[in-house]
Amino acid sequence: MSIPAIESIYLPTLAWISKVETMTATEKFYTVELPRGQSLGHKPGQFVQISLNGIGEAPISISSSPSRSNGKFEMCVRKVGDVTTALHNLGEGAQIGVRGPYGRGFPVEQFEGRDILVAAGGLSLAPVRSVINQIFDHRKKYDRFIILYGAKNPGELLFKEEREEWKKRSDVEFLETVDKGTPEWTGNVGVITTLFPKITVNPRNTVAITEGPPIMYRFVLMELLGKGIPEDQIWVSLERRMKCGVGKCGHCQLDHFYCCQHGPSFNYAEIKGVMEAL
Amino acid sequence: MSLKIINKSDLMPFVANMMGEYEVIGPVANDIGFKFATLTDASQVRLNYNTTVIPPRKTLLPTQETLFSFQKDMLAPTFDMKWRVLLGVHTCDLHAMCMLDEAFARGQPDTHYMKRRATTTIVSMECLDTCDENSFCKSMNTLTATSGFDLHLIQLGDFYAVDVGTTAGEALLANHAKSHEATRAEIALLDKTMSQKWSKFPVRLHLDGKDLPALMGVSYKSPLWEEVGKRCFGCGSCNIVCPTCYCFDVRDEVSMDGKSGERYRIWDSCQLDEFARIGSGENFRKTHAHRLRHRFMRKGKYIAEAFPGHQGCVGCGRCARACLVDITPVGVWNSLRQDHA
Ligand SMILES: Cc1cc2nc3c(=O)[nH]c(=O)nc-3n(C[C@H](O)[C@H](O)[C@H](O)COP(=O)(O)OP(=O)(O)OC[C@H]3O[C@@H](n4cnc5c(N)ncnc54)[C@H](O)[C@@H]3O)c2cc1C
Ligand code: SF4
Ligand code: SF4
Ligand code: FES
């Protein structure tokens, strides 16, 4: 926790947008610079509260990995409502407020020595990218590395350049798919679960990290469990409505868990019996 | 600590003296019963009130509270720093406030709540009779309290026994009240009054409050939720009147010229449709049944498990009084209990 809360825990730290890139019709990618070159000090899978005075706050996942954060962090924002639309209207140099980092990230140190299987759907590649790059930057500490990625259509695929690089790398097996192709699309067509038959894993040594829209979980989990990956080696990240980010306001409650505190990253064994979870 | 005595005739002067130094908030009469309000005259206080519609938690967690204000790029935190005495708190509400203390101090302490709490002195009161047919404090083990207060009053005929809970309470008493150390005879009267008290409180819940988490643990899939869900309007009154509810929404307000404004929090209700809806439109508690179940789970199980030694329901009965369609904790829990008898 390196951003000090100046008296009020709800007071954001002022930061600047140093770069904006348009990714898709609804998603923009931001580099945010913190004052005095301080680092966010986050773990992969954590989030921040982005604040715009007079409009409000939105919980947004940190897309950059801790290994690459030098006074800056990255985030990908989908335009859905008040705060996210106002963010989309901001350009480089604009000031925003940041609180955090909050929540429990993925305990990547515990995954060392394991095969890593990442399955991400849609916008969720943005948060999962914090894990992916963390692993790439410490690649030797992990064994096999598989990334499965699915989006609705080619226009919604994020991080084009990085994906091109992953395709070329020999130390990662990267497979992508779209639910619905276009005439130009030559890749795999079908939902993300259609990629599973194309990979073989050693389930006993595999840690799976999956993140995507709520509907995706049920199917991806069935695939992962079907491959025999133990429940406590499967990690998910759950999105809930959040207001405070610090375990007070009650909005993110998921049965007895507070998603902003105990999550958003959860071990499947922890939450499989939690009725409201999946 | 020690037991003191204030004569009944010395109570009003005590209240008046405190008012000279503190904002004194206590039960006063209004059109529909009683409410906690800032006293403007010591004679307004009604220590014999039965219950209030809105619990005294609003002193610690106001309906609406500014978190910070902003002017262009300048942010300034807003804290309320008045010194207060909260007078005449019943023990059910005291137990609820102890739970709130835990909830707001846990993890990253909520600086706004903590400041308010630190500047509030609590003078609680022993109930010697049940407030009405809706309360079930006896089952929830909240009809008395031996800690959590600064001072605790027990009316014994024409004097009050005063239990001193903290050094702040001791100082308040020493500086503002005429009191004396309890005599043997006065302690004997306290003994007699207290031993007669318990039988005046009926047992309404068919299980002990301590067993609620276990009952709720096996009641997730009960058909009862659909039944009560059909009756519920989703009005949220039950949350607003509950001393253990503390969920809030955070909103911004801007001045007419758009140059300044504030971020504030405001009481929220888990019974409202949008409470758990997320950006993609997905709602994790879509129906009244889901939302009611969540509320009762929180009251009977989640809070008790998250904050050991505390309870999510203190049996005050306010939600039962407030609900237009008679959805009550006693009704719900007794019915679940019967299903698992
Ligand atoms: C842990 C976490 C990580 C997230 N990461 C990202 C990310 O990396 N990129 C991204 O684009 N989005 C992310 N989101 C979703 C993002 O927070 C919401 O889209 C955003 O809060 C909507 O705010 P708004 O003001 O633009 O919309 P509003 O105008 O407030 O409302 C639009 C819709 O969003 C819902 N909503 C409102 N407030 C919230 C809230 N606090 N949380 C969730 N839904 C809400 C409303 O129910 C409504 O349906 C994340 C959410 C969580 C909980
Ligand atoms: S007060 Fe009654 S009707 Fe209103 S939300 Fe609560 S249970 Fe439903
Ligand atoms: S749930 Fe009802 S009875 Fe229990 S503390 Fe809240 S208002 Fe009182
Ligand atoms: S976001 Fe407020 S409790 Fe989790």
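Lettering follows sequence order; numbering is per chain, from 1.
Within residues 242-250 of chain B, the residues having any heavy atom less than 4.5 Å from a heavy atom of chain A are, in residue-number order, Y246(B), C247(B), F248(B), D249(B), V250(B).
When all heavy atoms of S219(B) and L215(B) are compared, the closest pair comes out as OG-O, 2.6 Å. Of all the heavy atoms in G100(A) and V48(A), the pair that sits closest is CA-CG1, 4.5 Å.
At a 4.5 Å heavy-atom cutoff, the contact between Y258(A) and chain B is made by side-chain atoms alone. Only the backbone of L52(A) comes within less than 4.5 Å of a heavy atom in chain B; its side chain stays farther off. Only the side chain of K115(B) has a heavy atom closer than 4.5 Å to any heavy atom of chain A.
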query: Does the side chain to side chain contact (heavy atoms under 4.5 Å, CB included) test come out yes or no for E211(A) and F106(A), once each step is laid out?
result: CA-CA 12 Å; E211(A) 193 166 343; F106(A) 297 106; 4.1 Å; yes
query: Is there a salt bridge (charged side-chain N to carboxylate O under 4.0 Å, His left out) between E74(A) and K19(A) once you walk through the steps?
result: CA-CA 9 Å; E74(A) 293 161 345; K19(A) 203 165 156 203; over 6 Å; no
message: Apply side-chain hydrogen bond (donor to acceptor under 3.5 Å, both in side chains) to residues E156(A) and T24(A) and explain how you reach the verdict.
response: CA-CA 6 Å; E156(A) 292 197 6; T24(A) 70; over 6 Å; no
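With hydrogens and angles ignored, the 3.5 Å screen pairs no side-chain donor or acceptor of S39(A) with any backbone N or O of G41(A).
Looking only at side-chain heavy atoms (C-beta outward), Y10(A) and D110(B) come within less than 4.5 Å of each other. Residues F266(A) and L238(A) have side chains in contact (heavy-atom distance under 4.5 Å, counting atoms from C-beta outward).
Chain A forms more heavy-atom pairs under 4.5 Å with one residue of E253(B), R106(B), E305(B), R298(B) than with any other, namely R298(B). If you tally non-hydrogen atom pairs under 4.5 Å between each of M114(B), R263(B), M297(B), H112(B) and chain A, the highest count goes to R263(B). When each of H256(A), K248(A), Q261(A), K243(A) is scored by its heavy-atom pairs under 4.5 Å with chain B, the top score falls to K248(A). Across C270(B), P109(B), A306(B), G107(B), the residue that shares the most heavy-atom pairs under 4.5 angstrom with chain A is P109(B).
Taking CD1 from I303(B) and CD from E102(B), the interatomic distance works out to 10.5 Å, rounded to the nearest 0.5 Å.
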